[in-house]
2 protein chains.
Amino acid sequence: MEFKDSKGIFQQIADNICEKIISGEYPVFSKIPSVREQAAVMGVNHNTIMRTYMELQRENIINNQRGIGYFVTEEAPQRIVQLRKEEFFRHEMPEFIRQVKLLNLSQEELKPLFDQLNKQP
Amino acid sequence: MEFKDSKGIFQQIADNICEKIISGEYPVFSKIPSVREQAAVMGVNHNTIMRTYMELQRENIINNQRGIGYFVTEEAPQRIVQLRKEEFFRHEMPEFIRQVKLLNLSQEELKPLFDQLNKQP
DNA sequence: TGCAGTGTACTAGATCACTATAACAGTAAA
DNA sequence: TTTACTGTTATAGTGATCTAGTACACTGCA
């Protein structure tokens, strides 16, 4: 996996896992890759994955059974979407609007954006 | 100034200065605060400001006269807007759209966004 | 019981961003 | 010339993050 240096690696991995959960790649109740396996896949140290998993566990997105592995909780998808929506409306959307105004983008330039957003249900 | 820990401080200061330039707070050809003064205002070390200024100089947004200070270049506002537009269309907008789709936001939830964007000329 | 795979914990070290501090050099103006 | 600004450079130290490596404990299964 490639990482931006604008954010902690463990946070990026957490985001990545969360997206796999809400996209269905990691279904509810399923076991996610072990700390060591994930570390190998991501190309990072297993301690870094450990930190990621502990964070996600603290947020009740995964839970673990010692000696067995980590599992996606039943409430995970709902929690992730909820947390992300809050973040989206509190920060990302206002910042996005601020950018548009600061750059003084025209309706013409924004047309592709509208086209994409209008595809939403 | 408050800083997010998601990005280097020097980069956030550079962004801040760029916004002051395109908003007109730092007009073309004007002298911007000295390294030490800016450091005091921002509450950081002057080496950090030095790094910021060197970056901005590398991008031809400011230039300097040793012993006198740093000045906004004539082409600065245009360059900043151009660089930011490129960045916006290459990364921020696609990422924003990706988020909207991932969170499966409804037209209803997006209405405030449309309202804001339609205010653009 | 033994083994393989799992989580967990610990120490040590590398790297990076930023800070703290100092010293040096150019410019303008009194 | 002196003073008070400027930029510039250098060294050392701190804190956070991530890596490297090791060791230990738990679980399921052959």
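On a predicted model such as this, the values are computed, not experimentally measured, just so you know. Proteins come first, then strands; the chains are lettered A, B, ... in the order of their sequence lines, and each starts at number 1.
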Is it true that [X] and [Y] have a side-chain N and a carboxylate O under 4.0 angstrom from each other?
X	Y	value
Lys111(B)	Glu108(B)	no
Glu92(B)	Arg84(B)	no
Arg58(A)	Glu55(A)	yes

Given Thr52(A), Asn64(A), Thr73(A), Asn63(A), the one that forms side chain to side chain donor-acceptor pair (under 3.5 Å) with Gln57(A):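 The single option meeting the side chain to side chain donor-acceptor pair (under 3.5 Å) with Gln57(A) is Asn64(A).
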Select from Ile9(A) and Ile68(A) the residue whose nearest nucleotide in DNA chain D is closer to the 5' end of that strand.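 Here Ile9(A) is the residue nearer the 5' end.
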For Gly67(A) and for Arg36(A), locate the closest nucleotide of DNA chain D by heavy-atom distance; then report the residue assigned to the nucleotide nearer the 5' terminus.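 That would be Arg36(A).
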Roughly, in whole Å, what's the span from [atom1] in [X] to [atom2] in [N]?
X	N	atom1	atom2	result
Asn45(B)	dG15(D)	CG	P	15 Å
Glu55(B)	dA17(C)	CD	C1'	14 Å
His46(A)	dT19(D)	NE2	P	11 Å
Met50(B)	dT11(D)	CE	P	16 Å
Gln65(A)	dG28(D)	CD	P	8 Å
Gln12(B)	dA17(C)	CD	P	14 Å
Tyr53(B)	dT9(D)	OH	C1'	18 Å
Leu56(B)	dG7(D)	CG	C1'	15 Å

Output yes when at least one side-chain N/O atom of Ser34(A) is less than 4.0 Å from OP1 or OP2 of dT6(C), else no.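 Result: yes.
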Would you please confirm or rule out a distance under 4.0 Å between OP1 or OP2 of dT8(D) and any side-chain N or O of Tyr70(B)?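 Checking dT8(D) against Tyr70(B), a side-chain N or O does come within under 4.0 Å of OP1 or OP2.
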Do Asn60(B) and Glu75(B) have side-chain N/O donor and acceptor atoms under 3.5 Å apart?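 No donor-acceptor contact under 3.5 Å links the two side chains.
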To the side chain of Thr48(A), which of dT6(C), dT9(D), dC18(D) is closest?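 Output: dC18(D).
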Report yes or no: is there a donor-acceptor pair, N or O only, under 3.5 Å between the side chain of Arg51(A) and the base of dT19(D)?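 Looking at the base of dT19(D), it does not pair with any donor or acceptor on the side chain of Arg51(A) (distance under 3.5 Å).
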Under 3.5 Å, is there any donor-acceptor pair linking the side chain of Asn47(A) to the base of dG21(D)?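 Result: at least one qualifying N/O pair found.
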